[in-house]
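Letters A, B, ... mirror the listed sequences (proteins, then strands); counts begin at 1. Bear in mind that the values here come from a model prediction, so they are computed numbers and not experimental data.
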Amino acid sequence: MTKKNEIKDKSFNPQAFEPKWQAKWEADKLYRAVIDESRPKHYALTMLPYPSGDLHIGHWYAMTPPDARARFKRMQGYNVMFPMGFDAFGLPAEGAAIKHNIHPKIWTYQNIERMEKQMRTMGAMFDWEREAISSDPEYYKWTQWFFIQLYKKGLAYRKKASVDWCPKDNTTLAREQVKGEDRVCDRCGTPVIKKELEQWFFKATKYADELLHFDGIDWPEFIKVSQTNWIGRSEGASVIFKTEAGDSIEIFTTRPDTLWGATFMVMSPEHPLVDKITTPENAQTVSEYKDQAAKQTDIQREAKDKEKTGVFTGGYAINPVNDERIPIWVADYVLMSYGTGAIMAVPAHDERDFEFARKFGLKIVPVIQPDGVELNGDTMEHAHEHEGVMINSGQFNGTPATNDKGLKNPAIKTVIEYLEEKGIGKRDVNYRYRDWLISRQRFWGAPIPMVHCEKHGWNPLPDEQLPVLLPDDITEWKPTGESPLKFHPTWKDSTCPICGEYAMRETDTMDTFMCSSWYHLRYLSPHNDKAPFDEAEYNYWMPVDTYTGGSEHANMHLLYFRFFHKALRDMGITEGGEPTMQLRNQGMVLAEDNSKMSKSKGNVVAPDVLVQKYGADTVRAYIMFFARWQQGAPWDSHGIEGTARWIRRVWTLFTDDASNSGTPASDEVKKNLRRRVHQTLKRVTYDFEHFEFNTIISSLMELLNDMYKAREAGAVGTPEWNEATEIYIKMLAPVAPHIAEELWTNHLEKPYSIHQQKWATVDESAAKDDTIEIPVQVNGKVRDKVIVSADASEEEIRNAALTSETIQKYLEGKEPKKVIVAKGRLVSIVI
RNA sequence: GCCGAAGUGGCGGAACAGGCAGACGCGCACGACUCAAAAUCGUGUUCCCUCCGGGAAUGAGGGUUCGAUUCCCUCCUUCGGCACCA
């Protein structure tokens, strides 16, 4: 470190001082977060990366602005924890294993080492002693332990179901991991297929209703909406229809008010009662239809422009409200995966049923009459899906049906009450949300800690046998559709925890989203081998105060994360309903041509090169400046020059004190400087709080320009100048931690470290303007500006405006019709 | 089709709470320094006109208001979620 009597290095050389400070901060454990009851805590969490190989600009974009904010919070007096780790299980490691014949573990840990090194160049305040890596046995031991807790609580179960399968990645996927209309694998973009398989699930649907509530948490609207859509809650009724074959069919409907118009029923081809309902004469056609439906993919079956198909079963049901005998059909537009897999068809009021009825000549009976038009089942061209008055519905005729959903609709409410009274139906709610399928037929994941015994079926392994370790001696990685673990000669051999006889291990591994559902807890005590986390740490740090990350996880990680927390709460492991109070999502950094950055396109911006050229501080500042953080933007490689220039100008101003001009600063200059400093401080404080990073930088740029002018005017050396310098460096510290430290400690010779200083307080009276310029509008157009004192009364402002020469000209001696004075803002004159 | 977010100069973007649209920066132009270049510094930079001055303009059109980028209605475009979900 530079001693006082040494000659200070005035050349700007971040490549020298950045690593120097990084090393010192680390040696001094400056960012170590330990429990301190005397200070309020702040847990700043940012989504942990996958160790893909190299840190790219997207990582910097995701991590450095939240780091700046965490630093700001720390200067505000919070005890801040800002941990980092790796979501280290996952497919790319297996891809590398296949390609280069290297164990996924080796590939993963090499990448982690490289990325940690790159992360250290960011100068972030990560507490590396809290680092958690999900592929470490000490970590996945507890991932497995959580699985067992969920299993014991009945929240993990095994079932055979028609599941989504990615033919490229050779594994099953959760519903959330199948995207868009084309039903493609979220990871690789390959269209998924359906397979009938027995798999492990988490009972996420148990929390469907609770997951719809976001009370008290500050999350972006679009994430809440996205999750709400995903869960897809529908209110309605379930109704039981008796059939002539003897069995009853239960259906779900959101429109029980249209029950009287149900003129037929439709069952999904997979419905278990289809064969019983089908009469012998129709058995052949129904069976052929079922076979054909089974052959089609979901995309083919569910294509919305597809013409309706279906066959008659020969069976009949009785409409419970009017005792009409109605035919039962089988059609693939009814899905087994939603509701009960059977519907009542109301062709007059449902477009899909209408289409079907027209095609097959089925009866159409209108039961909701819209205002003004008389519906006729024989001639109508579309279903009437909106409001009207109930008709053809016996005692309910005349009841108004609104466009409201659920019980808010008087017709629906009345009919549900009637159904419940008669015992033929009840109020019901359905969700499109599905349980979380967590089995993956892949190697590089946490093994599911279950064994299967001939006699005792599936059982969890006792805690002392955890972790179930992944073997190192695997040589064949090729995906076969079954986990490579299955082909290991001995790995799957285990013993039944009940009888001690031979039992076979589950060879599937867990969805990596399981690992990331609890990493925020592991950061609390990453090396604890007695428990997943330390209770004292939990009590102090949780919940997470601010969570930042990409919005692509809206319906995946962010939903799993919430589900997990609620499930743990019900097991008494965590407290409170939500893991994090505040969520903010950064946008995406696109390539300069507006396309997505990707390794394969070779358009990824490498931060390392920029750090070498400009220094980390400049890269950090530019990342905050070049776009609205929560929105993202295409990268602009020229733009960084402006930020680099600013950083150099900061350096020059604070190191080159010789250039003060001879004339001493006037009181006016000093007062103005002080005002600008406190105005900027106010703005920067607000912007940090609100994640508005781009305007933090522009405010600092403006203040710097003002400070250069103040220097010209002789302000250097005055108390106002010294205050300005101090506050400027404090505001700079979260953004550009290295240069701030270098200037603070070495050039201003203030006590190390700038990062342990207290954030400055706004002096409101100093920030206030003395005089203000008030625009004067005549008929809505600005014609003049008058200068008045900041606390001028309405009357004074009015007079100033009306007596202005320019305004007089516009008035032409006439009396204005109206004069509006917005105090401190503007005068509007109407003539 | 339903739900949500967003449309402001050549570009990224700014504008507290309905009150001067375009802060800050990139780019561009001109100038200073220099033998020259880079760097640096300075000036200008929404568009149009008959340029002391005036007019238009925040996706389009309408409305409320003395006054609208901001509030309301209709529409267009882009992005994201859902979608034969009963």
**Any donor-acceptor N/O pair under 3.5 Å between B:C66 base and A:Lys817 side chain** =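 Such a pair does not exist between side chain and base.
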**Prompt:** Quick one: does A:Lys785 reach the base of B:C20 with a side-chain donor-acceptor pair under 3.5 Å?
**Reply:**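 A donor-acceptor contact between them is present.
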Between [N] ([atom2]) and [X] ([atom1]): distance, integer Å:
{"X": "A:Asp687", "N": "B:A14", "atom1": "CG", "atom2": "P", "value": "10 Å"}
{"X": "A:Asp428", "N": "B:A86", "atom1": "CG", "atom2": "C1'", "value": "12 Å"}
{"X": "A:Glu270", "N": "B:A86", "atom1": "CD", "atom2": "C1'", "value": "16 Å"}
{"X": "A:Gln631", "N": "B:A14", "atom1": "CD", "atom2": "C1'", "value": "13 Å"}
{"X": "A:Glu176", "N": "B:G81", "atom1": "CD", "atom2": "P", "value": "14 Å"}
{"X": "A:Leu681", "N": "B:C16", "atom1": "CG", "atom2": "P", "value": "19 Å"}
{"X": "A:Leu590", "N": "B:C79", "atom1": "CG", "atom2": "C1'", "value": "11 Å"}
{"X": "A:Tyr614", "N": "B:A39", "atom1": "OH", "atom2": "P", "value": "10 Å"}

Return the pairing partner of [N] with a 3.5 Å limit on both distances, Watson-Crick or G-U wobble; otherwise return none.
{"N": "B:C84", "result": "none"}
{"N": "B:G18", "result": "none"}
{"N": "B:A23", "result": "none"}
{"N": "B:C33", "result": "none"}

Give me the distance, rounded to whole Å, that separates [N] from [M] when you measure between the [atom1] atoms they each carry.
{"N": "B:A32", "M": "B:C20", "atom1": "P", "value": "39 Å"}
{"N": "B:G7", "M": "B:U69", "atom1": "P", "value": "14 Å"}
{"N": "B:U77", "M": "B:C71", "atom1": "C1'", "value": "23 Å"}

**Prompt:** Distance check: side-chain N/O of A:Lys781 vs OP1/OP2 of B:G19, anything under 4.0 Å?
**Reply:**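 Checking B:G19 against A:Lys781, no side-chain N or O comes under 4.0 Å of OP1 or OP2.
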**Request:** Ignoring backbone atoms, establish whether A:Arg255 has a side-chain N or O less than 4.0 Å from OP1 or OP2 of B:A86.
**Result:**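 Indeed not, no polar side-chain atom of A:Arg255 lies that close.
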I'd like to know if the side chain of [X] and the backbone of [Y] have a donor-acceptor N/O pair within less than 3.5 Å.
{"X": "A:Ser804", "Y": "A:Ile807", "answer": "yes"}
{"X": "A:Asn694", "Y": "A:Met624", "answer": "no"}
{"X": "A:Tyr431", "Y": "A:Tyr338", "answer": "no"}
{"X": "A:His690", "Y": "A:Glu692", "answer": "no"}

Could you check which of [options] has an atom nearest any side-chain atom of [X]?
{"X": "A:Ser698", "options": "B:A86, B:C24, B:A14", "answer": "B:C24"}
{"X": "A:Val782", "options": "B:C20, B:C3, B:G54", "answer": "B:C20"}
{"X": "A:Arg649", "options": "B:C20, B:C41, B:C3", "answer": "B:C41"}
{"X": "A:Arg683", "options": "B:A86, B:A15, B:C20", "answer": "B:A15"}
{"X": "A:Arg825", "options": "B:G25, B:G4, B:G19", "answer": "B:G19"}
{"X": "A:Arg628", "options": "B:G13, B:A86, B:A56", "answer": "B:G13"}
{"X": "A:Asn705", "options": "B:G54, B:G25, B:C26", "answer": "B:G25"}
{"X": "A:Ser234", "options": "B:C20, B:C84, B:A86", "answer": "B:A86"}
{"X": "A:His638", "options": "B:A86, B:C26, B:G19", "answer": "B:C26"}
{"X": "A:Asn694", "options": "B:G13, B:G55, B:G81", "answer": "B:G13"}

**Request:** Considering only NZ, NE, NH1 and NH2 on the basic side and carboxylate oxygens on the acidic side, decide whether A:Glu235 and A:Lys405 come within less than 4.0 Å.
**Result:**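 No, A:Glu235 and A:Lys405 are not salt-bridged.
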**Request:** Could you check whether A:Arg434 gets within reach of a base, just the sugar-phosphate, or nothing at all, counting any heavy atom under 4.0 Å?
**Result:**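 The residue A:Arg434 makes no contact with any strand.
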**Asked** At under 4.0 Å between heavy atoms, what does A:Tyr686 touch on the DNA or RNA strands: base, sugar-phosphate, or nothing?
**Response**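 Result for A:Tyr686 = nothing.
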